[in-house]
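Working notes, beginning with the structure itself.
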Amino acid sequence: MNRRPRPPHALAVLRVNDAGLPQRQARVDVAIVERRTSQELAGRRAGGLQSRTIEVLDQRGIAERFLSQGKVMQINGFAMIPLDLSDFPTRHAYGVALAQEAIERILATWVDELMVPIHRGLDVTGAVQDDAGVDVALSDGRTLRAAYLVGCDGGRSLVRKQAGIEFPGWDPSVSYLIAEVAMSDEPAWGVRRNERGINALGKLDDGKRVGVVLNEPQIKRGDEPTLEDLRAALVAVYGTDFGVHGVTYLSRFTDAARQAASYRERRVLLAGDAAHVHSPAGGQGLNIGVQDAVNLGWKLAQVVHGTSPESLLDTYQAERHPIGARVLKTTMAVTALNRGDARTKAVYETMTELLKMDEPRKRYAGMMSGLDIRYDLGPGHPLLGRRMPDLDLVTADGPRRLYTLLHDARPVLLNFGEPGALDITPRTVRLVDARYAGAWELPVLGAVAPPTAVLIRPDGHVAWAGDGPLRDALTTWFGSA
């Protein structure tokens with residue numbers, strides 16, 4: 001079972017970079033407020049990155065940092081039914097197993113390189129917005145003033161509560177303990193299902209200590225379980241506690257599923273667990289949070305700069321809220337399938353047979369990896385709203401891999417027709433005349449007709465693909481000339 005990350009209390013505040021400060025990727029002054037004093041974490045928490053998340057990191061030129069430290073492998077699954085996507089048309093037809101602490105350290109290094117200040121060891125105690133900005137109160141008595149505030153402060157988000165955003169959903173049906181311990185007796189290694197769900201005991205990297213995931217006999221809440229709780233849960237499942245001792249990490253999570261009614265309330269926005277909480281089954285949490293941030297970041301930058309109207313921020317809700325809702329639905333289904341009673345076992349065996357078939361495997365692998373995501377941008381070419389493939393292009397500057405054109409987080413207009421045929425007038429959009437001789441193929445969907453031109457947003461999704469007026473698409477997404 002993939003482990004649920006306990007999110008840091010992180011907030012991002014944004015304002016126009018008008019004070020001579022070092023420029024970030026989108027030339028916007030950003031500050032991060034972080035409760036923790038360092039990236040050190042107890043326990044492994046989240047365990048890896050899905051294919052689409054690796055792609056968005058590749059679009060910023062940093063994917064190799066994660067690949068070099070993790071283990072590239074097929075990590076996709078649905079209720080622990082393996083889903084191989086090695087035949088998918090992507091440069092990253094795999095996941096990477098990598099502990100959350102390592103993921104956070106790599107991201108923190110990149111943030112330092114971008115010279116983004118992090119206010120560590122601080123809580124946010126309040127947030128009050130007006131028509132011009134947001135005042136963010138900190139636990140040390142200071143107040144930060146920002147044009148916008150993004151709450152990434154977890155399922156109990158204070159920012160969400162301060163903004164008055166409802167958090168409807170489903171209460172838990174099961175609670176789990178997750179621990180890293182020593183045991184005097186040899187445990188029963190592997191996965192064991194009972195009527196409540198999955199239990200698992202496995203060796204940690206040092207080969208001596210034990211990683212534990214256990215469902216509890218009764219639903220409990222709160223993040224401060226005791227050693228006695230752990231012993232009771234072991235006895236309930238295995239009939240013994242294996243002489244458990246030496247606990248270095250112990251936490252609790254549930255399968256509660258909730259989603260913010262809105263991801264935006266005027267100048268306050270939500271991302272990650274502040275916007276959606278769910279079971280960790282399937283390893284979706286950290287990945288969907290990263291993809292939230294990539295969708296939101298470039299839109300906020302354009303609004304802060306005045307390039308686009310504030311209404312552009314409404315597309316964040318329109319695009320990401322349905323993705324969050326799908327993840328909640330998926331994890332609830334997985335939680336139900338993981339129960340070990342006879343009737344659920346029959347359904348599980350049926351699903352296992354189904355997912356051995358090629359078409360269902362591709363559909364579910366596309367969903368769990370994030371490679372099938374399509375934002376509803378209206379009718380048009382099959383590429384419209386989908387992630388752009390990382391094509392091997394031939395340009396005037398020589399061979400280029402498409403994702404390298406997105407490293408500076410700018411939109412790109414690829415022209416596959418007559419060079420110079422497209423006029424974009426002076427804009428922030430980068431125009432590239434290119435040739436591509438290979439097949440056009442998308443995950444799950446399959447082969448599609450070659451477009452004459454493609455307008456690619458900074459998040460790697462296609463905003464226009466040769467159908468309809470180009471000027472309208474440019475104005476909608478990147479402002480007037």
Side-chain angles (χ1 to χ4, degrees), residues 5 7-41 49 53 56-66 69 100-124 127 133-140 142-154 157-159 267-275 286 289-307 313 316 406-410 428 458-460:
H9 191 145
L11 295 301
V13 293
L14 296 94
R15 49 195 180 272
V16 176
N17 186 353
D18 57 359
L21 297 174
Q23 294 182 347
R24 285 55 169 167
Q25 278 198 316
R27 296 176 293 109
V28 171
D29 182 17
V30 181
I32 297 173
V33 179
E34 168 62 73
R35 171 184 292 161
R36 287 158 45 205
T37 57
S38 74
Q39 300 309 134
E40 292 184 6
L41 278 171
L49 301 173
T53 308
V56 300
L57 296 170
D58 197 356
Q59 289 166 190
R60 294 298 175 266
I62 60 172
E64 186 55 38
R65 303 186 189 193
F66 300 88
Q69 292 195 29
Q100 181 176 330
E101 182 171 335
I103 294 171
E104 288 196 18
R105 286 187 185 279
I106 296 168
L107 286 173
T109 298
W110 186 47
V111 168
D112 286 343
E113 292 170 6
L114 295 174
M115 303 183 73
V116 174
I118 302 179
H119 302 281
R120 291 192 178 274
L122 295 174
D123 280 314
V124 170
V134 187
D135 291 314
V136 183
L138 305 183
S139 55
D140 65 354
R142 288 184 296 158
T143 298
L144 297 180
R145 177 71 173 175
Y148 291 91
L149 170 65
V150 183
C152 309
D153 52 336
S157 172
L158 181 141
V159 172
R267 291 180 173 271
V268 174
L269 300 104
L270 305 174
D273 279 7
L286 184 149
V290 170
Q291 293 169 37
D292 286 345
V294 172
N295 183 286
L296 176 60
W298 67 273
K299 296 173 181 178
L300 264 175
Q302 289 195 173
V303 172
V304 168
H305 280 303
T307 304
L313 298 180
Y316 174 59
L406 296 171
H407 283 182
D408 59 359
R410 287 177 56 194
T428 59
D459 61 359

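Here the shortest heavy-atom pairing between Q69 and A102 reads OE1-CB, 4.4 Å. Considering every non-hydrogen atom in both L149 and A127, the closest pair reads CD2-CB, 3.7 Å. Here the closest heavy-atom approach between residue A147 and residue R267 is recorded as O-NH1, 2.8 Å. The two residues L270 and A275 have their closest heavy-atom pair at CB-CB, 4.0 Å.
For the atom pair K299 NZ and D459 CG, the distance stands at 6.5 Å (nearest 0.5 Å). A distance of 8.0 Å separates CD1 of I32 from CD of E34, quoted to the nearest 0.5 Å. Taken to the nearest 0.5 Å, the OG1 atom of T428 stands 9.5 Å off from the CH2 atom of W298. From D135, atom CG reaches atom OG1 of T143 across 6.5 Å, with rounding to the nearest 0.5 Å. Expressed to the nearest 0.5 Å, how far CG of D112 lies from CD1 of I118 amounts to 5.5 Å. How far CE of M115 is from CG of D29: 11.5 Å, rounded to the nearest 0.5 Å.
In terms of modelled atom types and a separation under 3.5 Å, the side chain of Y148 and the main chain of A301 share no donor-acceptor contact. Side chain of D153 to backbone of L158: a donor-acceptor contact under 3.5 angstrom is found. In this structure, the side chain of S157 does not engage the main chain of A274 through any donor-acceptor pair within 3.5 Å. Without hydrogens or angle criteria, R36 side chain to R120 main chain gives no donor-acceptor distance under 3.5 Å. Side-chain atoms of R105 do not come within 3.5 Å of backbone N or O of Q100 as any donor-acceptor pair.
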- Go through the steps for R142 and L122 under the test side chain to side chain contact (heavy atoms under 4.5 Å, CB included), then give the verdict. CA-CA 10 Å; R142 288 184 296 158; L122 295 174; 3.4 Å; yes

- For L300 and V150, run side chain to side chain contact (heavy atoms under 4.5 Å, CB included): C-alpha distance rounded to whole Å, both residues' side-chain angles, the deciding distance at 0.1 Å, then the answer. CA-CA 10 Å; L300 264 175; V150 183; 3.6 Å; yes

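Looking at heavy atoms from C-beta onward, R60 lies in side-chain contact with P458 at the 4.5 angstrom threshold.
Here R65 pairs with E113 in a salt bridge; the nearest charged N to carboxylate O distance falls below 4.0 Å.
The side chain to side chain contact (heavy atoms under 4.5 Å, CB included) with F66 is formed by just one residue from the set I106, D58, T53; it is I106.
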